[in-house]
Structures are given as C-alpha cells and as structure tokens.
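Beneath this line is the structure, given in structure tokens, with notes to follow.
Letters go in sequence order (proteins before strands), and every chain restarts at 1. Note that these values count all heavy atoms, side chains included, but never hydrogens, waters or copies made by symmetry. Just so we're clear, the structure is a prediction, and the values are computed from it rather than from any experiment.
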Number of protein chains: 2
Amino acid sequence: MIDAVSRVRRFNRAVTSEVGALDSSFLGRGRPLGAARVLNAIGRGLADVGELRADLALDSGLASRLLRGLEEEGLVETRPHPDDARRRVARLTPAGEREYRAYESLSDAQAEAILARHPDRAALLAAMDLIASALGRDRIALEEADPRGAAARWCLGEYYAELGRRFERGFDVALSCDPQADDMVRPRGTFLVAMSDGLPVGCAGLKGGGGAVAEVKRLWVAPAARGLGLAKRLMAAVESAARSLGIEVLRLDTNGRALPEALALYRRSGWVEIDRFNDDPYPDAFFEKRL
Amino acid sequence: MIDAVSRVRRFNRAVTSEVGALDSSFLGRGRPLGAARVLNAIGRGLADVGELRADLALDSGLASRLLRGLEEEGLVETRPHPDDARRRVARLTPAGEREYRAYESLSDAQAEAILARHPDRAALLAAMDLIASALGRDRIALEEADPRGAAARWCLGEYYAELGRRFERGFDVALSCDPQADDMVRPRGTFLVAMSDGLPVGCAGLKGGGGAVAEVKRLWVAPAARGLGLAKRLMAAVESAARSLGIEVLRLDTNGRALPEALALYRRSGWVEIDRFNDDPYPDAFFEKRL
DNA sequence: ATGATTGTCTGACTTTAGTCAGATAAATTT
DNA sequence: AAATTTATCTGACTAAAGTCAGACAATCAT
C-alpha cells in the first residue's frame, strides 16, 4: 500500500475531494454547472460558438440551449460573425461581465483558503507548479514576448535569484553585461517565454547587434518544469528565430561549475567551445554555433 | 497572473482536467457514476448503509435505489445489522468483489500512466505526497502499529535513509543501538505511526524495559508532511501512551548538529538536557522528561 | 406501555445532462 | 445556378441525479 501507484491514487483522492470542491465554485451561484461553464468560457474569451463547443466538448444542441438560457438571463449576447454569417460570436453583456467576475472571485477565494491554512506556502506552491507542469507538459507553448513584459520579468527575476543561490559569491546583475532590452526585440533579436497554462516556466533571449552574429542569453527553466525537455525546445526555437533574422553565428557564455546541466546541453547539441569573447566576471565557458 | 492564487488555480485546472479523467475510471464499465461510487464505497469497507450515505453525501432515497440496483445485478447483498435491525449492512458478493477489483485495476492503470509519462518520478511523487498531506492534514490519524509491520518498516526505512543523508559520515543502523521490536510493543512500550489516507507519514517509538523509565526512539516525519505540527502530536501521543503504561520518566537521545529541528522541539516542550546515558556513537544531546 | 426517534425504503416528482434526427440559412464547390 | 458542405438551431427524446413526503419497522426514552 506504499507503492508509487497507491501514492498517486492517494493524491488523486485528496485532490478530488478538496480541489473538486474548489472547482465546484462553478456552483453556489444558483446556476447549473453547464451554464456556469459556458459563461466562464465566454468570459475567458472563447467568443466563437464552435470553438466554445469544442473546448467544453458539448453537443451542438446542448450548447445552443445553454447559450440561449444565458441570453434569456441577459448575461450573453450573440450575433453573426462578420466574415461568415453561419458562425455566431458570443460575448458577455455588462451584467454577464459582473457575473463572470463574481465566479472568478469565488474561485480566487477558494484558492486563497487552501493556501491560507497551510504553513509552508512556498513548498505547497512549488509542488503544485510541478504537478501542473508535469500534467500539462504537452500544452507548454513557446511564445515570443517583450523582455520588459510581466512574463519575461518574472522569469528573469527567478533566473537571477537562482544564479544568486548557485554562485558561491552570489550574483549581481549590474556586474554582468545585462543585455539591453532593445537588443532582444525584433528586428535585432527576440525573447522567448515558455508558457504553461498562463504560468511562465522558462525563457531564452536572443541578443542581436544588427550584424550576422548574435548571442543567446538568459536560458532558464523553472524548477517545476525541469526534466520535460524544455531547455532543448527553447534552444531550438531560439536557433530558428535566429535563422529567420538572418543571423549566421550564435554565441553564448555560461558557467560550467555552477550550471553543469547547461554545459552538458550545449555540448550535446552541436555547440563548439571557443575562447573567451567578453570580460564578464561570471562565465567560465564560451560556445559558438554556426547556423 | 503569476501570483500565488493564480498558481493554485492553474494547478486546479491541470488536475481537474487530467486527474478528473483519472477519477472517471469509475466510468468505462457500463455503469453510471452513482452505482460505481456505491460499489467502490462498499468495496472499501463502508458496510453500514448510513455510513455509506454520509461518505458519498447521498440522499436516502437515491442511496437505497442505487443499492437495490447493485443487488439486482448480483453484486451486493444487504442484511439487517445484527445489533440493530433498523440499520442495514451491505457487502459484496463474489461477483461484486470481482467487479470491484476490476475498477481498482483500472484506477491503478491510469495512475501508472500518469507516472509513466513523467521523467522524474520521484519528484512527481514527492510533490503529490506533499499536496495530499497538506490537503488532508486534518485527517492524519495516529495509530499504534507493530514496529515490524509494513507501515512501521516503511517509516523506519525512510528515517534511516534520511539520517544517512544528514550525518556527514552516513548512518549505519548496526552501530546504533537498535531497539528490539519487543521493547516497542505493549506492555513494555509502543510504536505509533501517523497515517494520512493510507500513507504512513511519520512515526515514533516508545522503548520500555519493564521498569518506570522508557526511551523515545525513532521520531520521524515525512518531508511531505512537515510543517503540519505532526512531530508535536506524535510526542504528545507517546507521552500519553507512556503514562498509560505506568512510565514515570522518559529519556531520549538525538544529534543536535544534524537534526536541529528535533533539538528545538524537545527544548520548547518541557524536556530537560541531561548527561550522556549511553555510548551510541551518533547522538550528542540527551534529554529527560518526568511525567 | 406509549410516544418519539431513528434508519431505511417507496413512489412521485424535477432538474440537468446528453443524444439524435431533421430544419435552416449561409458559404463553397462544381 | 445547382448541389454540397458547414455552422447553428429546434424539437422530441432518454438517462441519470437529485428531491421530497410519507410509510414502515425497530429502538429508545419516559
């Protein structure tokens, strides 16, 4: 009874009795689950009725009836799609918007309640992130993002914090050559963030200078998402972005002592070790790859 | 969108879409969810119809009908309770037993599938244990157990492994004075295991010698269940068991360098530091408590 | 012994979810 | 222009879940 399978099933029971209740925040506002799910889907931005039906796996008849119910309640409006009058688009009325937000804050409150009664919030969140990333691994998408945006800044903050823990003497961004954000925005470069259902779980930057040589910077994967092959995917995406920008040679620096996984990744994916090409105090290994 | 509440909600979505599916192993055998749940509950040992109804939160009418359905299928038998003929007890027929086991192995297979597609099994299991223990913290029960039984042996194995990691030179049970199992069984002593929905998450032993002095040994809490106040509960339970056995003085030894949390716990819960009372090589601190 | 309480059952409901065979109208293909 | 396909809707169903008022017998309290 203490084998791995029993432990997964125990987790499952714990979660469906507690979190199942959390999800039932869909209830509690006097509306059946089906209608609440449709309202929620529209609130999340699933305007197109077909999309909505696919997302919620609803029969066309049922979907149509649920929509009409919400329309009669005055929460939703539908109109034909401007480009194709067979399709219909739904959106929330102001009253629907209010109702949607009411459901949202119910969910938030229940999530808060779970957190509040646990002493070690950080450990609980880390475990939740790990499980959510593991279960949703096939749905982790790489997106180009502004390096000054919220998702990128969160990743960079976590990255710097981790370097601080890994380097014996800590890490100070000011001492390292921090790439200017403009150099990581098209057309000079780019910045990629791996998103797992809304949570950033990894990033990589391509810092260009306008020429044929560019640098890969800030490769990071959240602890919760390690082991899923994300670093490899991020590097592949950076390379293909570099090609599309006309870059011919990629370079990067790293610290092999503090970040051995990174070193191993570069070595096994076609990077060649070269001489030091900057005087940044942190790195001790330098690589190049011709595209 | 990266705050704690969003992370809990993301976890929740991941889990209800994946594990929700896991739990729907209740389906897939041509029986509606309600009937499958009742069959499962009886299989788990909820014999009393009232208990069963409370556990599944069923209306009495509905419960009665579902039971009758299962009876007609030949899977369940009910009879009046021997002590109180108003109550009814249900149990599985041999066919019901087979059907129950078929559901169980479906669930097992689905749990296995989740594990199988994740690279870092140990990390995933650790995260699941942590969440299950945190959500089920109010349902962690302390039980007296045979120190040679499965639950106790699992705890002791984890305990020794952890000591091995914490002591600079590792830990070898043979070098330490390993209490004889008989000394941790009533009437000489006892052994307590903390169980969280079937998983042992902590233990403590009371090693008596027949006299008025006994020793507390093997206090351990699983990493997944730390921060929930379990060590304190275990110690309190050991003390009250000791009182019931007529013990007047409790002693224990520990290693303050490798196990600082334990030291702090003893100091703040009425234990007094005393001189070394054995020549075990591992401990460096010795305590006593008069009951 | 009587009345109240308890545990379960029955029958008559309602609501929700889900299915399916057309109907309708707009777009696409031929 | 006619035929086909597509996106949604309608109406007529069924199955499952859940509710409620009483019925009934056993037990408990006084």
What's the [atom1]-[atom2] distance between [X] and [N], to the nearest Å?
{"X": "B:Leu62", "N": "C:dT14", "atom1": "CG", "atom2": "C1'", "answer": "14 Å"}
{"X": "B:Leu52", "N": "C:dT8", "atom1": "CG", "atom2": "C1'", "answer": "13 Å"}
{"X": "B:Asp84", "N": "C:dT8", "atom1": "CG", "atom2": "C1'", "answer": "11 Å"}
{"X": "A:Asp83", "N": "D:dT6", "atom1": "CG", "atom2": "P", "answer": "18 Å"}
{"X": "B:Arg53", "N": "C:dG7", "atom1": "CZ", "atom2": "C1'", "answer": "7 Å"}
{"X": "B:Glu72", "N": "C:dT10", "atom1": "CD", "atom2": "C1'", "answer": "13 Å"}
{"X": "B:Leu58", "N": "C:dT8", "atom1": "CG", "atom2": "C1'", "answer": "14 Å"}
{"X": "A:Arg31", "N": "C:dT16", "atom1": "CZ", "atom2": "P", "answer": "11 Å"}

Exercise. Below 3.5 Å, does any donor atom in the side chain of A:Arg65 face an acceptor in the base of C:dT15, or the other way round?
Worked result: no

For this session: Please confirm whether any donor atom in the side chain of B:Arg86 sits under 3.5 Å from an acceptor in the base of C:dT6, or the reverse.
Result: yes

Of the nucleotides [options], which has the atom closest to the [X] side chain?
{"X": "B:Ser60", "options": "D:dT8, C:dA17, C:dT8", "answer": "C:dT8"}
{"X": "A:Val49", "options": "C:dT8, D:dT8, D:dA16", "answer": "D:dT8"}
{"X": "B:Pro32", "options": "C:dT16, D:dA17, C:dT8", "answer": "D:dA17"}
{"X": "B:Arg68", "options": "D:dT10, C:dT10, D:dA26", "answer": "C:dT10"}

Pair [X] + [Y]: basic N to acidic O under 4.0 Å:
{"X": "B:Asp108", "Y": "A:Arg9", "result": "yes"}
{"X": "B:Arg13", "Y": "A:Asp197", "result": "yes"}
{"X": "A:Arg121", "Y": "A:Glu112", "result": "yes"}
{"X": "B:Asp59", "Y": "B:Arg53", "result": "no"}
{"X": "B:Arg87", "Y": "B:Asp48", "result": "yes"}

Exercise. At under 4.0 Å between heavy atoms, what does B:Asp59 touch on the DNA or RNA strands: base, sugar-phosphate, or nothing?
Worked result: base

For this session: Using the closest heavy atom to pick a nucleotide of DNA chain C for each, name whichever of B:Gly61 or A:Arg37 lands nearer the 5' end.
Result: B:Gly61

